Amino acid sequence: MFALESTILLPAAEFRSQLVEGLAGPGYVVFPELLRPEIAAEIRAEMERLRDAGAFRPAGVGRGESNRLAPATRGDGTCWFEPAALTAAQSKLGAVLEAAREGMNAELFLGLWDSEGHYAIYPPGTFYRRHLDRFANDSRRTVSTVFFFNPEWTSADGGDLRMETSGGPRDVAPVSGTAVFFLSDRIPHEVLETRRERFSFAGWFRTRE
Ligand code: OGA
Ligand code: MN
């Protein structure tokens with residue numbers, strides 16, 4: 001396990017309090033500069049290696065038996081983390097997720113048991129239409145998180161994550177270092193069409209049942 005201070009730019013206590021206040025208040029929080037640039041670059045390089053090795057698969061929608069390909073809904077390719085076999089880069093992201101999970105459990109009593117997640121690559125011209133992350137047949141997903149790995153992204157590149165909040169739409173550019181957390185059953189969101197290859201990690205903190 002890696003020290004949190006060597007992974008994120010915010011002091012651990014600050015990270016935890018902003019996370020907890022965001023989820024307890026509006027139900028989401030955006031950290032514009034969370035991951036250290038060298039960690040974001042390491043993860044980006046790993047994603048490119050995995051892509052070149054053919055490790056990404058077209059993503060589906062729905063859980064278990066009801067999972068199916070749905071190119072009209074989402075066009076990304078995904079590469080799932082294997083919790084028992086995380087790479088060094090993945091363990092660094094994992095340290096941030098664990099700190100978040102502990103903070104949310106300690107202060108919000110969410111009973112988050114574990115997390116699951118995948119890298120995602122959206123080729124140019126793809127998107128992920130409006131959806132909630134909680135499945136109809138499985139209510140364990142409670143808090144969602146997304147990290148972005150796109151250096152030098154401009155607004156002309158598209159690909160914003162658009163969250164539907166009580167205060168209206170909130171668009172977040174998928175710029176390296178930025179991370180978002182939100183309540184899985186409360187915040188509908190979508191990935192707007194991207195014009196450049198777009199790299200992200202999507203993860204979900206789950207209750208036990
Ligand atoms: C998802 C999702 C957003 C992103 O995979 O459920 O909403 O920016 N991803 O990758
Ligand atoms: Mn989602």
Side-chain angles (χ1 to χ4, degrees), residues 22-23 26-35 40 43-44 46-48 50-51 55-64 66-81 90 93 96-97 100 112 114-151 153-155 157-165 169-206:
L23 294 177
Y28 74 96
V29 56
V30 179
F31 293 100
E33 287 185 338
L34 187 66
L35 265 199
I43 291 173
R44 167 69 183 228
E46 174 170 276
M47 289 183 75
E48 290 179 3
L50 288 166
R51 175 201 60 195
F56 283 78
R57 293 286 135 78
V61 296
R63 180 179 178 272
S66 63
N67 185 273
R68 62 191 194 285
L69 280 179
T73 302
R74 65 186 296 187
D76 56 324
T78 57
C79 178
W80 284 87
F81 279 26
Q90 292 168 358
L93 195 53
V96 183
L97 300 186
L112 303 172
D114 67 1
S115 64
E116 60 176 352
H118 60 57
Y119 287 147
I121 298 181
Y122 290 76
T126 62
F127 46 78
Y128 190 164
R129 298 296 188 216
R130 181 184 185 278
H131 65 280
L132 278 174
D133 284 343
R134 167 110 18 125
F135 295 119
N137 59 351
D138 181 341
S139 63
R140 287 177 298 167
R141 285 183 172 183
T142 301
V143 176
S144 302
T145 184
V146 186
F147 285 68
F148 303 113
F149 302 98
N150 306 285
W153 197 262
T154 73
S155 57
D157 298 325
D160 281 1
L161 176 68
R162 172 170 290 171
M163 289 180 286
E164 225 168 81
T165 76
R170 171 78 195 264
D171 292 355
V172 181
V175 177
S176 280
T178 298
V180 176
F181 293 77
F182 56 89
L183 295 175
S184 304
D185 63 341
R186 281 243 325 259
I187 306 284
H189 55 283
E190 63 184 303
V191 176
L192 302 182
E193 183 173 336
T194 185
R195 292 183 197 97
R196 275 170 70 192
E197 193 179 34
R198 176 192 187 276
F199 291 67
S200 60
F201 166 84
W204 300 276
F205 299 93
R206 306 185 298 187

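Just so it is clear, the model here is predicted, and its values are computed rather than measured. Read the numbers this way: they start at 1 and go in the same order the structure lists the ligands and their atoms.
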Side chain, backbone, both or neither: the part of Asp133 lying under 4.0 Å from ligand 1 by heavy atom
side chain
The residue among Glu164, His131, Arg170 that forms side chain to side chain donor-acceptor pair (under 3.5 Å) with His189 is His131
Ranked by distance from atom 10 (O) of ligand 1, the top protein heavy atom is Ser200 OG, 2.7 Å
Between Arg198 and ligand 1, does any nitrogen or oxygen pair lie at a separation below 3.5 Å?
yes
Would you check, one step at a time, whether the test salt bridge (charged side-chain N to carboxylate O under 4.0 Å, His left out) holds for Arg162 with Asp160?
CA-CA 6 Å; Arg162 172 170 290 171; Asp160 281 1; over 6 Å; no
Any nitrogen or oxygen of Tyr128, side chain or backbone, less than 3.5 Å from one on ligand 1?
no
Minimum-distance atom from the Mn ion (ligand 2) among N, O or S atoms of Asp133
OD1
Pairing of Asp76 and Arg74 as salt bridge, 4.0 angstrom limit
yes
Please work out which of the three classes, parallel, tilted or perpendicular, describes the rings of Phe181 and Phe205, given edges at 30° and 60°.
parallel
Sole residue of Phe81, Phe148, Phe149 in ring-ring contact (aromatic ring centres under 6.0 Å, His included) with Phe201:
Phe81
d(Arg63 CZ, Phe135 CZ) to nearest 0.5 Å is 7.0 Å
For Phe148, the ligand 1 atoms with a heavy-atom partner under 4.0 Å come out as 8 (O)
Using a strict 4.0 Å cut-off to heavy atoms of Ala202, name the atoms of ligand 1 that fall inside it.
5 (O)
Looking only at protein heavy atoms, what sits closest to atom 3 (C) of ligand 1 is Val191 CG2, 3.6 Å
Going by the 4.0 angstrom heavy-atom rule, the piece of Trp204 near ligand 1 is side chain
Relative to ligand 1, is His131 under 4.0 angstrom through side chain, backbone, both or neither, heavy atoms considered?
side chain
Salt bridge (charged side-chain N to carboxylate O under 4.0 Å, His left out) evaluation trace for Arg195 with Asp157:
CA-CA 5 Å; Arg195 292 183 197 97; Asp157 298 325; over 6 Å; no
In ligand 1, the atoms that come under 4.0 Å of a heavy atom of Tyr122 are 9 (N), 10 (O)
Ring-face cation of Arg198 near Tyr122 (centre distance under 6.0 Å, axis angle within 45°):
yes
Where ligand 1 meets His189 - atom numbers and elements under 4.0 angstrom, heavy-atom basis
7 (O)
